[in-house]
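Working notes, structure below.
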Amino acid sequence: AADPERPLRAGDHDGAPATAAPLLLPPVAPEEEPEGAPDVAEMLLDLLPGDDDVEHRFVQDLRCAGCDHQVLQVDGHVWDGEVERSFLDTCYPEVAQLRSKLRAQSGANAFC
């Protein structure tokens, strides 16, 4: 029988499995890119539509009755057809993400 005064140690046969020491792996050095190699992440970001060329702002003192967020105005754009509420909830307030459902139209404003 086990001695209740003695603490259990690894390898004791009390019915519980012995705990193994954690496996520690040596650190891995990051691969170095060859001299003059292009930065792939920067290249991909250059391909994505940015929001720096789209005028947008929050409308002061106007909040959405559905989600209580401050209303976002995107100048020179309209919504392209029907837009699901879940899309707006996911992408608001990132104009770069909202752009996939916006269509440029001079003199118009899209609100979210």
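Closest of all the heavy-atom pairs between Leu102 and Ala110 is CD2-CB, 3.6 Å. The minimum heavy-atom distance linking Cys91 with Leu98 is given by the pair CB-CD2, 3.6 Å. Residues Cys64 and Val71 share a closest heavy-atom pair of N-CG2, 3.8 Å. Closest heavy-atom contact between Arg57 and Asp75: NH1-OD2, 2.6 Å.
Side-chain contact between Pro93 and Gln70 is absent, with no heavy-atom pair separated by less than 4.5 Å.
Side-chain N or O atoms of Gln97 include none that pairs as donor or acceptor with a backbone N or O of Tyr92 at under 3.5 Å.
Atom NE2 of His77 and atom OG of Ser106 lie 10.5 Å apart (nearest 0.5 Å). Between His69 atom NE2 and Asp89 atom CG the span is 7.5 Å, to the nearest 0.5 Å. In this structure, CZ in Arg85 is found 8.0 Å from CG in Leu88, a value given to the nearest 0.5 Å. Put simply, CZ on Arg63 and CZ on Phe58 are 10.0 Å apart, with the number rounded to the nearest 0.5 Å.
In the hydrophobic clustering of this structure, Leu72 does not group with Leu62; members are Ile, Leu, Val, Met, Phe, Trp, Tyr whose side-chain heavy atoms approach within less than 4.5 Å, directly or through other members.
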